[in-house]
2 protein chains.
Amino acid sequence: MAPARTTDVPATGAEARSRSRTNTWDAPTCGIAPGYLQANLIVLPSRLAKDFVLLCTRNPVPCPLLATSSRPGDFSNFISYIPGVPNAQIAKDFDVRKDAPRYNVYRDGSLTESAIVDVDKYWSDDHVACLIGCSYSFENALHNANLTPPHVLHGRNIPMYRTTLPLLPAGVFQSSTLVVSMRMYKAADVEVVRDITRPYVTTHGEPIAWGWNGMRDLGIADINRPDWGDVPVNGDGESVVQDQAALVPIFWGCGVTPQEAVMRAKIPGIAIGHAPGYMVVLDIKEDDVLRRSN
Amino acid sequence: MAPARTTDVPATGAEARSRSRTNTWDAPTCGIAPGYLQANLIVLPSRLAKDFVLLCTRNPVPCPLLATSSRPGDFSNFISYIPGVPNAQIAKDFDVRKDAPRYNVYRDGSLTESAIVDVDKYWSDDHVACLIGCSYSFENALHNANLTPPHVLHGRNIPMYRTTLPLLPAGVFQSSTLVVSMRMYKAADVEVVRDITRPYVTTHGEPIAWGWNGMRDLGIADINRPDWGDVPVNGDGESVVQDQAALVPIFWGCGVTPQEAVMRAKIPGIAIGHAPGYMVVLDIKEDDVLRRSN
């Protein structure tokens, strides 16, 4: 799918996990294992997991919950939250402590380890891992409509931004805000991009805002200063000029939101996330979860 | 439950609907038919119903979808969206055009008829009715904890407010904002009120904001100027003094939000809602839908 990465990329979820575990794949996962569902990760102490599941229930656009550990301490077996997808189909031979390419670690809500390759030494018998849908899942559909996102075309990590849009609180998770991913398109393509991504309800679905005014409404001041990922480029790989007539930013809910929630709520103890852009790739196929809008 | 209404109030959902239909119950439904689920109503042209269902999926706190017409034009038989609740249990001998005490009618997104008793003459074979959870469903639980909301104590309609908090858009439903209901409590009771209402996930669940700063964050300027319902009172039935130390407002998602969405999106054609506070009472018991947080 990604022209910059047509050779030697993992072809399946199992291969992506295996190569992440052996540290022979060490790059953002955008465009790899086409057709396989990718997932954001957040790992929490068990007594906070119930509130986090409720946070997902109340904020399903940024936090579409796919699965959680079967019980505290279980890094291999997961319970599916996706209607019609059995537990056994999530990921075989799974070790969520090693099977993402890179991880972040938080202590008492502060980032203490950034983009490390494994987190088994931070994992405890009390940890619960939660997998959240990822908007990479609809990039194939955009590509097939000749609307390949610029970061895919140029092999870059997707730009992600903090916003001022609040999450609806759930238990200990208060005062948090949405994180968004961004893709640049011609203004005339906004409606078709909305239509293509709308059915992907378990992977953020249609955009939450678009256009330069939409960007300002989200509290984003400068498109060239993302909080995570690479600085955006246009389809020609050139830097993005704000307020230019030809292109507008389109924003989707982003599964980095749970890591922002951990920081905002100053969650006590050790929490773990994937490094933004470096996802866990599952055995579930995108078609298994696509709820077609007809 | 409500001291001001202990006599001659409908005891069941069936009685509430029957008396609404015969216009022998003509008041807000707060506190009537204790234990029965009450529902907000929005009726839309069929081609917009799909986008509305998606709006509910993306914004489940203000818009917890309970049921929709089985097919366009059906005002009697509904499909349940509540896990474990069969279609037949929603409401027997149901006529959604007559079984709420009062209705609002919108044309092209503008309110044209306010608080009328029946809407059968506005109903068409193309209309789809959608039932949305109502926060009255947790008022029994608050009452049982000696935290009876002031509007219940004094037989008043609940105060409801527009906010500046955006809904996440879905198809034609854009630029909408949350509507909230409000109950006054002592600041020291906020956490127990949050805990009591948290499990009611299909009926708005825990509050989305609280306190005087929370009110200002929602864009509400004056607690004594609600957009729907009655001006609030405190537990003694006295008017509420803003910024007083003893009491704080607590805000929940409100099922009037869909009517605000109809107006904001200027939905073409005829749409119908209940008159705020004058709900449809169902046959479903609150216990049937309560997802306990244990």
Side-chain angles (χ1 to χ4, degrees), chain A residues 47 49-65 81 83 163-178 180 190-191 194-195 197-211 213-214 217-219 250-253 257 291-294, chain B residues 47 49-65 81 83 163-178 180 190-191 194-195 197-211 213-214 217-219 250-253 257 291-294:
Chain A
R47 71 182 181 82
K50 190 173 67 175
D51 283 357
F52 180 75
V53 169
L54 190 56
L55 185 76
C56 294
T57 301
R58 288 165 67 84
N59 300 277
V61 173
C63 304
L65 187 61
Y81 280 69
T163 74
T164 53
L165 195 60
L167 290 195
L168 301 185
V172 298
F173 291 95
Q174 297 177 33
S175 305
S176 196
T177 48
L178 267 86
V180 292
V190 167
E191 286 304 317
R194 293 185 70 213
D195 290 344
T197 58
R198 184 167 298 125
Y200 290 80
V201 293
T202 59
T203 59
H204 306 299
E206 67 184 275
I208 65 165
W210 51 90
N213 285 337
D217 289 346
L218 292 175
I250 306 183
F251 300 95
W252 281 263
T257 302
R291 185 193 298 176
R292 293 200 182 276
S293 65
N294 53 24
Chain B
R47 71 182 180 84
K50 189 173 69 175
D51 283 357
F52 180 75
V53 169
L54 190 57
L55 186 76
C56 295
T57 302
R58 287 166 67 85
N59 299 278
V61 173
C63 304
L65 187 62
Y81 280 69
T163 75
T164 54
L165 196 58
L167 290 194
L168 300 186
V172 299
F173 292 96
Q174 297 177 34
S175 306
S176 197
T177 48
L178 266 86
V180 292
V190 168
E191 285 304 317
R194 294 185 70 212
D195 289 345
T197 58
R198 183 167 301 128
Y200 290 81
V201 292
T202 60
T203 59
H204 306 301
E206 67 184 276
I208 65 165
W210 50 90
N213 285 338
D217 289 345
L218 291 175
I250 306 183
F251 300 95
W252 281 263
T257 302
R291 185 194 298 180
R292 295 199 181 278
S293 65
N294 52 23

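A, B, ... follow the sequence lines: proteins, then strands. Residue 1 opens every chain.
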Given 3.5 Å as the limit, does a donor-acceptor pair link the side chain of B/Thr163 with the main chain of B/Leu178, or not? yes

The interface call for B/Pro64 against chain A, heavy-atom contacts under 4.5 Å, is neither

The reported gap from CG in B/Leu55 to OG in B/Ser176 (rounded to nearest 0.5 angstrom) is 7.0 Å

Do side-chain atoms of B/Arg58 reach the backbone of A/Gly205 as a donor and acceptor pair under 3.5 angstrom?
no

Under 4.5 Å to a heavy atom of chain A? For B/Ile208 that would be both

Sorted by chain and residue number, the side chain to side chain contact (heavy atoms under 4.5 Å, CB included) partners of A/Val172 (sequence neighbours excluded) come out as A/Leu48, A/Asp51, A/Ile267

Ranked by heavy-atom pairs below 4.5 Å to chain A, first place among B/Pro166, B/Ala170, B/Gly253 goes to B/Ala170

CZ (A/Phe251) and NE2 (A/His204) are apart, to the nearest 0.5 Å, by 15.0 Å

Bottom line for B/Pro60: the part with an atom under 4.5 Å from chain A's heavy atoms is side chain

Whatever's closer than 4.5 Å to a heavy atom in chain B on A/Leu167 counts as neither

